[in-house]
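Structure record follows, encoded as structure tokens.
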Amino acid sequence: QVRLVESGGGSVQAGGSLKLTCAASESTNNINLMAWFRQAPGKEREGVAVIYTHTETRYYATSVSGRVTLFSANTKNTIYLQMNSLKPEDTGIYYCAAGWSDVEPRRVSTALSQYLYNSWGQGTQVTVIS
């Protein structure tokens, strides 16, 4: 496991933008997935976006596709989530996660399966005001 630290959350008006940052404490050969999940009040945690670092393939949940972009720093220890056109339903705690997949995921649902992730950050709050 690695230590993950998120930052960049806050409150924003609907239609606005936020950029989240996740920094891993170290580079490790045991990670090839880095992802963002979120949990809205009273709801289960859900996947938002993930990058398979071996091929730089990105996967996005349908709910955010076209509005968010996940990109990584050259060191691959840090990932960012640029979120635009934010909606009130995007409100929640956003968690960074790191994990491993033996093969490149073929589907978004597979890439965002939580059982693949064994390192989690503490989360950062995102609030979108209507």
Surrounding CD of Q122 (heavy atoms of other residues, nucleotides or ligands, distance under 6.0 Å), is the total greater than 12? no
Not counting sequence neighbours, list each pair that qualifies as a disulfide bond (SG atoms under 2.5 Å apart) and has a residue in residues 25-57. none
Contact summary for V2 and A98, nearest pair of heavy atoms: CG2-CB, 4.3 Å
How close do E6 and C96 get, heavy atom to heavy atom, and via which atoms? OE2-N, 2.8 Å
Considering residues at least two apart in sequence or located in another chain, which fulfil the salt bridge (charged side-chain N to carboxylate O under 4.0 Å, His left out) criterion with R3? none
Consider only side-chain N and O atoms of S17 and N84, and report whether a donor and an acceptor are under 3.5 Å apart. yes
Is a donor on one side and an acceptor on the other found under 3.5 Å between the side chain of S113 and the backbone of S109? yes
Residue pairs involving residues 8-36 (criterion salt bridge (charged side-chain N to carboxylate O under 4.0 Å, His left out); sequence neighbours excluded): none
Group every Ile, Leu, Val, Met, Phe, Trp and Tyr by side-chain heavy-atom contacts under 4.5 Å, then state whether Y60 and L86 land in the same group. yes
Hey, can you pull the donor-acceptor pairs under 3.5 Å for the side chains in residues 123-130, sequence neighbours left out?
| residue | atom | partner | partner atom | Å |
| --- | --- | --- | --- | --- |
| T124 | OG1 | G9 | N | 3.2 |
| Q125 | NE2 | G92 | O | 3.4 |
| Q125 | NE2 | T127 | OG1 | 3.4 |

Side-chain polar contacts of residues 40-51 - donor-acceptor pairs under 3.5 angstrom, sequence neighbours left out - could you list them?
| residue | atom | partner | partner atom | Å |
| --- | --- | --- | --- | --- |
| R45 | NE | Q114 | OE1 | 3.0 |
| R45 | NH2 | Q114 | OE1 | 3.1 |
| E46 | OE2 | R38 | NE | 2.7 |
| E46 | OE2 | R38 | NH2 | 3.2 |

Is F71 isolated, or which residues cluster with it under the ILVMFWY side-chain rule of less than 4.5 Å, directly or via members? Y80
Is a side-chain N or O of N32 found less than 3.5 angstrom from the main chain of S101, in a donor-acceptor match? yes
Does anything in residues 59-70 form a salt bridge (charged side-chain N to carboxylate O under 4.0 Å, His left out)? List the pairs, not counting sequence neighbours. R67-D90
If you look only at pairs with a residue in residues 104-129, which of them pass as a salt bridge (charged side-chain N to carboxylate O under 4.0 Å, His left out), with sequence neighbours excluded? none
Kindly state each residue pair satisfying ring-ring contact (aromatic ring centres under 6.0 Å, His included) with at least one member in residues 86-105, sequence neighbours excluded. H54-W100
Would you mind listing every ring-ring contact (aromatic ring centres under 6.0 Å, His included) that reaches into residues 2-38, with sequence neighbours excluded? F37-Y117, F37-W120
Do you know which two heavy atoms are closest between I79 and A35, and how far apart they sit? CD1-N, 4.0 Å
What pairs with Y59 under ring-ring contact (aromatic ring centres under 6.0 Å, His included), at least two apart in sequence or on another chain? none
L81 pairs by side chain to side chain contact (heavy atoms under 4.5 Å, CB included) with which of L20, T69, T21? L20
Report the residues that fulfil side chain to side chain donor-acceptor pair (under 3.5 Å) with S7, sequence neighbours left out, ordered by chain and then residue number. none
